[in-house]
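Right, one structure below, let's go through it.
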Amino acid sequence: VIRIWNAETLTQRLVLEGEAECVGAHLHADAEIDPAADLPLIRLNAALTRLDLRTLEQSLPHTALSAELALARDNGLLDGTVRLSNAAKGPYDAGRVPIAAANARLRTDLKRIDLAGLMIDLGTGALRGSAEVSADRAAVSLTARDVNLAVLHGALHTTRLGGKADAVIEHERQSAIAHLTQDDMRLNLHVVREGAMVTLREAVLHARGGEATARGELALDAQRRFS
């Protein structure tokens, strides 16, 4: 159900306000548009509540998402904030999303999105950093504080990880580099996926005065080779 219940023209500008409902979720938005401008959108405010991804597709996790977006045109870009909360946080293996809340400063020209001051609350621990997203590429740089891997997946051990991770995601290639610490343990990882091949280029674990290293390849459609 979509309802536009306020629309008016101010000189050459169009002001819209409306709402939409779909499978229990509710969206309210208001916007101001200048159709003749290179970047027509002058401002946008939107609020989403009660979104359960599973109602859209049964293979998706169960969520209870609420989100707020506030953007305004500034020097040829849209600048503002985005906030997200999830009242149904849980581990992936329980069919949930392990994120309690997230927020960031957002700037976009509608071709690329830059997220600064990104904060992801995992309930136990948090991730902070930045991200750049375009149609064919995403790059993320995050710093971890007291991250408990057990909140991500029930098969993982309880941790209090800190450190830094960088990832680049493209259509045919994804890579991640991480430097993580907990107490006297240090772990360095470099993983690359190209098509169906996942390559562990480096895994070095320092703990209790010792060191362990690993490298390997995993063909998702064939055999595994580790050393």
Side-chain angles (χ1 to χ4, degrees), residues 53 61 63 65 67-72 74-86 89 91-92 96-153 156-195 197-207 213-216 218:
L53 294 177
T63 62
L65 295 174
E68 295 181 358
L69 175 67
L71 296 174
D74 178 35
N75 293 323
L77 296 173
L78 292 172
D79 184 20
T81 58
V82 58
R83 300 179 184 277
L84 176 75
S85 64
N86 177 23
K89 179 187 74 72
Y92 286 119
R96 303 291 181 104
V97 174
I99 295 175
N103 61 72
R105 174 78 177 270
L106 187 154
R107 287 177 67 83
T108 180
D109 59 1
L110 301 183
K111 295 180 181 178
R112 192 181 86 168
I113 299 173
D114 292 330
L115 298 174
L118 175 62
M119 191 285 293
I120 302 172
D121 180 3
L122 302 174
T124 302
L127 302 170
R128 296 179 182 273
S130 60
E132 298 177 0
V133 182
S134 62
D136 55 2
R137 185 179 188 273
V140 182
S141 180
L142 296 172
T143 299
R145 178 181 58 82
D146 295 332
V147 170
N148 181 7
L149 294 180
V151 307
L152 306 182
H153 195 286
L156 299 176
H157 293 292
T158 298
T159 62
R160 300 186 315 279
L161 291 174
K164 183 174 174 56
D166 298 283
V168 176
I169 302 168
E170 299 170 325
H171 180 64
E172 291 295 333
R173 188 178 192 274
Q174 301 87 44
S175 65
I177 298 175
H179 305 283
L180 304 173
T181 64
Q182 179 179 310
D183 301 327
D184 64 346
M185 181 191 75
R186 291 181 290 120
L187 176 63
N188 299 326
L189 287 172
H190 184 186
V191 182
V192 177
R193 176 180 177 180
E194 294 180 287
M197 181 64 71
V198 178
T199 303
L200 178 62
R201 293 192 172 178
E202 180 185 54
V204 182
L205 174 65
H206 300 270
T213 63
R215 294 180 177 84
L218 169 61

Please tabulate, one pair per line, all N/O donor-acceptor pairs under 3.5 Å involving side-chain atoms of residues 139-150, not counting sequence neighbours.
unit_1: Ser141; atom_1: OG; unit_2: Lys164; atom_2: NZ; d: 2.8
unit_1: Ser141; atom_1: OG; unit_2: Asp166; atom_2: OD1; d: 2.7
unit_1: Asn148; atom_1: OD1; unit_2: Ala150; atom_2: N; d: 3.1
unit_1: Asn148; atom_1: OD1; unit_2: Thr159; atom_2: N; d: 3.0

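- Rounded to the nearest 0.5 angstrom, Ser85 OG and Leu65 CG are separated by 7.5 Å.
- Ser130 has its side chain out of reach of Leu118: every pair of non-hydrogen atoms, C-beta onward, lies at least 4.5 Å apart.
- Val133 has its side chain out of reach of Ile169: every pair of non-hydrogen atoms, C-beta onward, lies at least 4.5 Å apart.
- Counting only heavy atoms from C-beta outward, the side chains of Thr81 and Asn103 never approach each other to under 4.5 Å.
- Atom CG of Leu205 and atom CG of Leu180 lie 10.5 Å apart (nearest 0.5 Å).
- Residue Arg107 qualifies as enclosed at atom CZ: its count of foreign heavy atoms under 6.0 Å is above 12.
- For the pair Arg105 and Asp79, the salt-bridge criterion is met [side-chain N within less than 4.0 Å of a carboxylate O].
- Between Asp136 and His171 there is no side-chain heavy-atom pair separated by less than 4.5 Å.
- Note: His190 NE2 to Arg201 CZ = 5.0 Å, rounded to the nearest 0.5 Å.
- Asn86 places a side-chain N or O within donor-acceptor distance of the main-chain N or O of Ile99, the cut-off being under 3.5 Å.
- Taking all atoms of both residues into account, the shortest heavy-atom contact from Leu110 to Thr108 is N-OG1, 2.8 Å.
- For Asn75, the CG atom counts as loosely surrounded, since its 6.0 Å shell holds 12 or fewer non-hydrogen atoms of other residues, nucleotides or ligands.
- To the nearest 0.5 Å, the span separating CG on Asn188 from OG1 on Thr213 amounts to 11.5 Å.
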Next item on the list: Output, in order, the C-alpha distance, side-chain angles, deciding distance and verdict of side chain to side chain contact (heavy atoms under 4.5 Å, CB included) for Val82 and Leu71.
Entry: CA-CA 9 Å; Val82 58; Leu71 296 174; over 6 Å; no
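- Leu53 and Pro61 make their closest contact through CB-O, 3.5 Å (heavy atoms, listed as atom of the first residue, atom of the second, distance).
- Around CZ of Arg96, the count of heavy atoms belonging to other residues, nucleotides or ligands within 6.0 Å exceeds 12.
- Residues Ala207 and Met185 share a closest heavy-atom pair of CB-CG, 4.3 Å.
- In this structure, CG in Leu187 is found 8.0 Å from CG in Leu161, a value given to the nearest 0.5 Å.
- In this structure, CZ on Arg173 lies 5.0 Å from CD on Glu194, to the nearest 0.5 angstrom.
- When all heavy atoms of Pro98 and Leu122 are compared, the closest pair comes out as O-CD2, 3.2 Å.
- Residues Arg160 and Gln182 share a closest heavy-atom pair of N-OE1, 2.7 Å.
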